[in-house]
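These notes are about the structure you will find just below.
Residue numbering restarts at 1 for every chain, and letters A, B, ... go by the order of the sequence lines.
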Protein chains: 2
Amino acid sequence: MNTTIQAPQSPGAPKTARGARTRAKILKAAEDTFGTLGYHRAGVTDITRAAGVAQGTFYTYFSSKEEILRELVMDLGHKLRAHLAAEVISTDERLEAEEQGLRAFLQYLADHPSLYRVLQEAQFVDEAIYQEYYETFARGYADMLNAAARKGEIRAGNNQHRAWALMGLSHFLGMKYALWDQRAKQGEDAFDPIVETMSDLLRNGLALSGRERG
Amino acid sequence: MNTTIQAPQSPGAPKTARGARTRAKILKAAEDTFGTLGYHRAGVTDITRAAGVAQGTFYTYFSSKEEILRELVMDLGHKLRAHLAAEVISTDERLEAEEQGLRAFLQYLADHPSLYRVLQEAQFVDEAIYQEYYETFARGYADMLNAAARKGEIRAGNNQHRAWALMGLSHFLGMKYALWDQRAKQGEDAFDPIVETMSDLLRNGLALSGRERG
DNA sequence: TCAAAATATGACAACTGATTCAGGTTTTAT
DNA sequence: ATAAAACCTGAATCAGTTGTCATATTTTGA
């Protein structure tokens, strides 16, 4: 028999430098095209035109439009996580890390708006990969919170619930202030007021502290 | 000239009881169909089949597939807000209202999962209506927080930022626990642990309180 | 009761857009 | 240098969709 066990659904990785370059061009073009036109309005034609190759070339590296979206989601996810990890090394105090993480996320989203659209649209094209994206993120997040709780840096509590809550918080703040509100994007410290509000919320909650009460 | 200022883009409201009934059937069918198949996979054919009418009838009441989605978004938004308002009347203490609101939202989402999908997909079909949905929600939310701050029930702070953060928090918790996690949906008080975690987070934050510290 | 208005029908025109394919070009390796 | 492998091309295919329309039925109101 001698059949290959795992037939790759993608047509095959490029075997030369030229191929690798072309594949990368197409992937980048897909990111841009999906980012501006959206997944459904963007045709394979638009992607290949943006990449400067013929339609047929697309199928040399990707078996379908859906597949390139999946590829893109994983790619963008890796890049974001790498970026955030790099930005948050300077402290290991959890609540400070939380602030830096939020600031970095907002800035990253303002600089890479396609991330948002590609990811959110992927949800309706391949729900599994969308879930996996956030489950992965949540796992890592909850682990960090658990570690902080063990070290006595934060209150005890359900850190899985908290992780999802914090992701949602970042997501919505990013959507509103990094993507929709143009003026918020100006300048290096544009997101400071937001980060500060969240810092207070996460440190102290909304209830008045002892001396403020009464 | 005597031109009508505001030409209705929708073909015209039904003028008989039968027409109103048919329109309502189609709208409901669209909600279900978009909810299960998604906006793009769902054809007008699927909607009319589910409604039990001919394809052509669709265009008696809606000028396009896009328009019925807009209609639906506004409709679902009104219903959700009405539901939440009704569920949160029993208290006027803000932090307690927050808990009740979250619980009601999670339960509502578990009971009306199409709300989520229709709304989120609308974002990529007509971004303006999606933004309007959340801006409206946020305005009301921020107003309530401002009132609570004036009454001295919560800490001072930027309540617009907080409103978006809290919406995101609810959104993600709903997505994860009301839609994705099947087991979480069982029973009346299924969401209690989540609400409790959030209650603690919103009241006290994550930092240790005075006596826990050290 | 009966003409006019409203509603319903479903076949179909017109179009879109993903994927295939047969053949050309470039690169690799001997 | 040259055969084989890899890569690229873009016109053609093909499946599916939205929205239209001429016609039929039902409801309204005088």
Side-chain angles (χ1 to χ4, degrees), chain A residues 4 7-34 36-72 118 121-122 124-126, chain B residues 7-30 33-34 36-72 121-122 124-126:
Chain A
T4 40
Q9 68 287 60
S10 72
K15 307 211 163 137
T16 68
R18 176 164 71 134
R21 227 155 36 226
T22 302
R23 203 193 116 108
K25 269 198 300 186
I26 295 174
L27 201 61
K28 176 73 174 102
E31 180 184 341
D32 297 343
T33 309
F34 288 159
T36 51
L37 260 41
Y39 177 80
H40 287 97
R41 281 194 260 279
V44 171
T45 308
D46 298 304
I47 297 172
T48 52
R49 191 187 311 122
V53 300
Q55 280 106 300
T57 305
F58 181 92
Y59 293 92
T60 305
Y61 301 108
F62 305 96
S63 63
S64 68
K65 195 178 145 187
E66 229 181 280
E67 197 205 283
I68 202 175
L69 182 66
R70 271 191 288 272
E71 192 82 3
L72 220 36
V118 169
E121 275 196 291
F124 305 110
V125 177
D126 182 344
Chain B
Q9 67 287 59
S10 72
K15 307 210 164 137
T16 68
R18 177 165 71 133
R21 225 155 37 225
T22 302
R23 204 193 116 108
K25 268 198 302 187
I26 295 174
L27 201 62
K28 177 75 175 99
T33 309
F34 287 159
T36 50
L37 259 40
Y39 177 79
H40 287 97
R41 281 194 262 278
V44 171
T45 308
D46 298 304
I47 297 173
T48 51
R49 190 186 313 120
V53 300
Q55 281 104 302
T57 304
F58 180 92
Y59 293 93
T60 305
Y61 301 107
F62 304 97
S63 62
S64 68
K65 196 177 140 186
E66 227 181 281
E67 197 205 284
I68 202 175
L69 182 67
R70 272 192 287 272
E71 192 83 3
L72 220 35
E121 273 197 294
F124 305 110
V125 177
D126 182 345

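- A side-chain donor-acceptor contact under 3.5 Å links B:R41 to the backbone of A:F124.
- Atom-to-atom, CD1 of A:I47 to P of D:dT9 comes out at 16 Å; the value is rounded to the nearest Å.
- Between A:E67 atom CD and C:dT19 atom C1' the separation is 14 Å, expressed in whole Å.
- B:F34 pairs by the ring pair (Phe, Tyr, Trp, His ring centres under 6.0 Å) definition with B:Y39, not counting sequence neighbours.
- The separation between B:R49 atom CZ and C:dA8 atom C1' is 18 Å, rounded to whole Å.
- Minimum heavy-atom separation, A:H40 to A:K65: O-NZ, 3.8 Å.
- Phosphate contact (OP1/OP2 of D:dT17, side-chain N/O of B:T45, threshold under 4.0 Å): absent.
- Checked against salt bridge (Lys or Arg N to Asp or Glu O under 4.0 Å), A:E31 has no partners two or more places apart in sequence or in another chain.
- Looking at residues 36-43 of chain B, you'll see B:A42, B:G43 sit with a heavy atom under 4.0 Å from some atom of DNA chain D.
- Nucleotide C:dG17 holds its C1' atom 19 Å from the CZ atom of A:F62, rounded to whole Å.
- Rounding to whole angstrom units, CZ of residue A:R23 and C1' of D:dC8 are separated by 16 Å.
- Partners of A:S64 according to the side chain to side chain contact (heavy atoms under 4.5 Å, CB included) rule, which considers only residues two or more places apart in sequence or in another chain, are A:E66, A:E67.
- A:K15 places its NZ atom 14 Å from the P atom of D:dC8, with the value rounded to the nearest Å.
- Under the rule for a side chain to side chain contact (heavy atoms under 4.5 Å, CB included), the partners of A:D32 that lie at least two apart in sequence or sit in another chain are A:K28.
- B:R70 places no side-chain N or O within 3.5 Å of a backbone atom of B:A122 that could act as its donor or acceptor partner.
- With sequence neighbours excluded, no residue forms a side-chain hydrogen bond (donor to acceptor under 3.5 Å, both in side chains) with B:K15.
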- Query: Along nucleotides 24-30 of chain C, 5' to 3', which nucleotides get a B, which get an S, and which get a -, given that the test is a protein heavy-atom distance under 4.0 Å?
  - Reply: --SSS--

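- Atom OG1 of B:T22 and atom CG of B:L27 lie 12.5 Å apart (nearest 0.5 Å).
- Atom CG in B:L69 sits about 13 Å away from atom P in D:dT18, given to the nearest Å.
- Each side chain to side chain donor-acceptor pair (under 3.5 Å) pair with one or both residues in residues 47-58 of chain B, not counting sequence neighbours, appears once here: B:D46-B:R49.
- DNA chain D is contacted by A:V53, A:A54, A:Q55, A:G56, A:T57, A:Y61 of residues 53-61 of chain A, taking any non-hydrogen atom closer than 4.0 Å.
- Here the P atom of nucleotide C:dA18 and the CD atom of A:E66 are 12 Å apart, to the nearest Å.
- Axis angle between the ends of the helix from C:dT1-D:dA30 to C:dT30-D:dA1, five pairs each and rounded to 10 degrees, works out to 20°.
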